[in-house]
Amino acid sequence: MWLEKLKLNKSLVRSITDAGFIAPKEIQSRTMTRIVGGQDIIGIGPEGCGKTSTYILGVLNKLRQGFEEAPRALILVPDKERVLEVIEQFELLNKNKTIRIVGLYAAPAIEPQLNALADGCDIVVATPDRARAIYLKLALNLNKIIMFVVDDAELIVKQGLQLPVVELANSIQKCQHLVFAEDWHERLEKMVNP
């Protein structure tokens with residue numbers, strides 16, 4: 001069902017099945033072929049509808065092999081807890097151990113995160129303010145980003161972090177944009193439009 005309907009690669013379908021995902025959720029059925037096809041997406045749905053696993057599958061399907069010096073996917077989420085949750089979900093679904101993931105969030109020391117980036121990675125999961133701070137230190141290379149994801153976008157707006165999101169998005173030449181939120185409102189639209 002995953003393979004025929006959503007056009008995911010076979011090893012990823014195997015990972016999904018091993019993780020206990022029996023059939024695609026509605027948001028995955030409605031958006032995955034567009035994500036695989038490279039289209040920009042805005043996905044709105046309640047908590048638990050499958051938004052996170054949707055973009056994780058899209059990223060893993062596109063990044064079939066690692067590992068690069070510069071990241072190819074940048075995922076922005078509201079806080080440290082969410083960074084860790086998203087990385088855990090990637091680890092559940094990613095059987096390709098050559099793909100490296102780095103988390104960036106406010107922590108007592110920034111050096112371990114800078115070192116992890118310097119060692120090379122494929123996916124960065126970060127809070128917008130931390131990603132921007134590290135980018136401004138010239139330690140986050142955005143030149144190879146092909147997928148830019150904003151998850152829990154309504155919470156990012158609620159925290160007033162639109163500026164780092166827009167600055168990071170504008171610093172990336174050309175890539176696919178995926179935005180996921182629980183609800184849509186004017187302030188969110190102002191962040192997404194540019």
Side-chain angles (χ1 to χ4, degrees), residues 2-3 5-19 21 24-25 27-45 49-78 82-105 113 116-117 119-128 130-131 134-135 140-153 156 165 168-169 171-181 192:
W2 285 97
L3 186 64
K5 283 190 171 184
L6 304 185
K7 298 181 172 70
L8 298 175
N9 69 58
K10 288 179 182 166
S11 64
L12 191 52
V13 170
R14 209 169 20 258
S15 298
I16 297 165
T17 310
D18 291 350
F21 292 92
K25 294 189 174 190
I27 194 164
Q28 293 157 344
S29 297
R30 295 179 72 178
T31 62
M32 193 57 71
T33 52
R34 291 178 178 173
I35 292 171
V36 169
Q39 293 179 16
D40 291 348
I41 295 288
I42 297 173
I44 308 296
C49 75
K51 297 183 296 288
T52 303
S53 55
T54 298
Y55 70 75
I56 288 174
L57 293 172
V59 168
L60 290 175
N61 195 66
K62 197 158 277 195
L63 309 185
R64 295 193 181 177
Q65 60 205 357
F67 114 106
E68 297 280 337
E69 291 174 18
R72 292 173 286 158
L74 175 60
I75 299 160
L76 300 179
V77 295
R82 194 72 181 113
V83 169
L84 299 176
E85 286 171 15
V86 170
I87 290 172
E88 188 180 314
Q89 185 97 23
F90 264 111
E91 288 168 355
L92 174 71
L93 296 173
N94 177 29
K95 298 292 186 234
N96 181 349
K97 297 307 172 196
T98 64
I99 291 178
R100 296 197 36 203
I101 304 163
V102 170
L104 305 178
Y105 47 84
Q113 294 175 2
L117 283 173
D119 290 343
C121 69
D122 301 287
I123 301 166
V124 171
V125 183
T127 59
R130 184 61 129 196
I134 291 177
Y135 172 72
L140 177 57
N141 182 346
L142 300 178
N143 293 333
K144 292 192 175 182
I145 296 290
I146 57 173
M147 294 184 84
F148 180 76
V149 181
V150 181
D151 191 13
D152 293 326
I156 288 173
V165 172
L168 289 164
S171 300
I172 299 168
Q173 293 299 318
K174 187 178 190 310
C175 72
Q176 181 178 16
H177 298 86
L178 309 176
V179 179
F180 291 91
V192 171

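Quick note: residue numbers are just sequence positions, from 1.
Contact detail for P128 and L168: the closest heavy-atom pair is O-CD1, 3.9 Å. Heavy atoms only, all atoms of each residue included: I56 and V86 are closest at CD1-O, 3.9 Å. Nearest heavy atom pair, residue L92 against residue F21, reads CD2-CE1, 4.4 Å. Between I27 and C49, the closest heavy-atom pair is CG2-O, 3.3 Å. The minimum heavy-atom distance linking G103 with V83 is given by the pair CA-CG1, 3.9 Å.
Looking at residues two or more places apart in sequence or on another chain, you find a side chain to side chain donor-acceptor pair (under 3.5 Å) between R30 and E26. Qualifying side chain to side chain donor-acceptor pair (under 3.5 Å) partners for Q89, counting only residues two or more places apart in sequence or in other chains: none. In this structure R82 satisfies the side chain to side chain donor-acceptor pair (under 3.5 Å) test together with T52, E85, D151, D152, sequence neighbours excluded.
Here the CE atom belonging to M147 is positioned 13.5 Å from the CG atom belonging to D122, to the nearest 0.5 angstrom. Separating the CD atom in E91 from the CD1 atom in I101 is a distance of 6.0 Å, to the nearest 0.5 Å. Remark: S15 OG to K10 NZ distance equals 14.5 Å, nearest 0.5 Å. The NZ atom of K144 sits 15.0 Å away from the SG atom of C175 when rounded to the nearest 0.5 Å. Atoms NZ and CD1, on K62 and I146 in that order, are 6.0 Å from each other to the nearest 0.5 Å. Interatomic distance, L8 CG to I35 CD1, rounded to the nearest 0.5 Å: 9.5 Å.
In this structure, the side chains of Q28 and S53 come closer than 4.5 Å at one or more pairs of heavy atoms. Residues Y105 and V77 are not in side-chain contact: their nearest non-hydrogen atoms beyond the backbone lie 4.5 Å or more apart. Taking the side chain as every heavy atom from C-beta outward, F148 and L142 never approach each other to under 4.5 Å. Side-chain contact between F90 and I99: absent, with no pair of heavy atoms (C-beta onward) separated by less than 4.5 Å. Put simply, the side chain of I145 does not reach to within 4.5 Å of the side chain of S171, judged on heavy atoms. The side-chain heavy atoms of L63 and N96, taken from C-beta on, include no pair separated by under 4.5 Å.
Under a 3.5 Å cut-off, the side chain of N61 and the backbone N or O of N9 do form a donor-acceptor pair. A distance-only check finds a donor-acceptor pair linking the side chain of K51 to the backbone of G45 [under 3.5 Å].
The 12-atom threshold is exceeded at CZ of R100, counting heavy atoms of other residues, nucleotides or ligands nearer than 6.0 Å.
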Side chain to side chain contact (heavy atoms under 4.5 Å, CB included) assessment of Y135 paired with L104: CA-CA 11 Å; Y135 172 72; L104 305 178; over 6 Å; no

Check against side chain to side chain contact (heavy atoms under 4.5 Å, CB included), D40 and Q176: CA-CA 5 Å; D40 291 348; Q176 181 178 16; 4.0 Å; yes

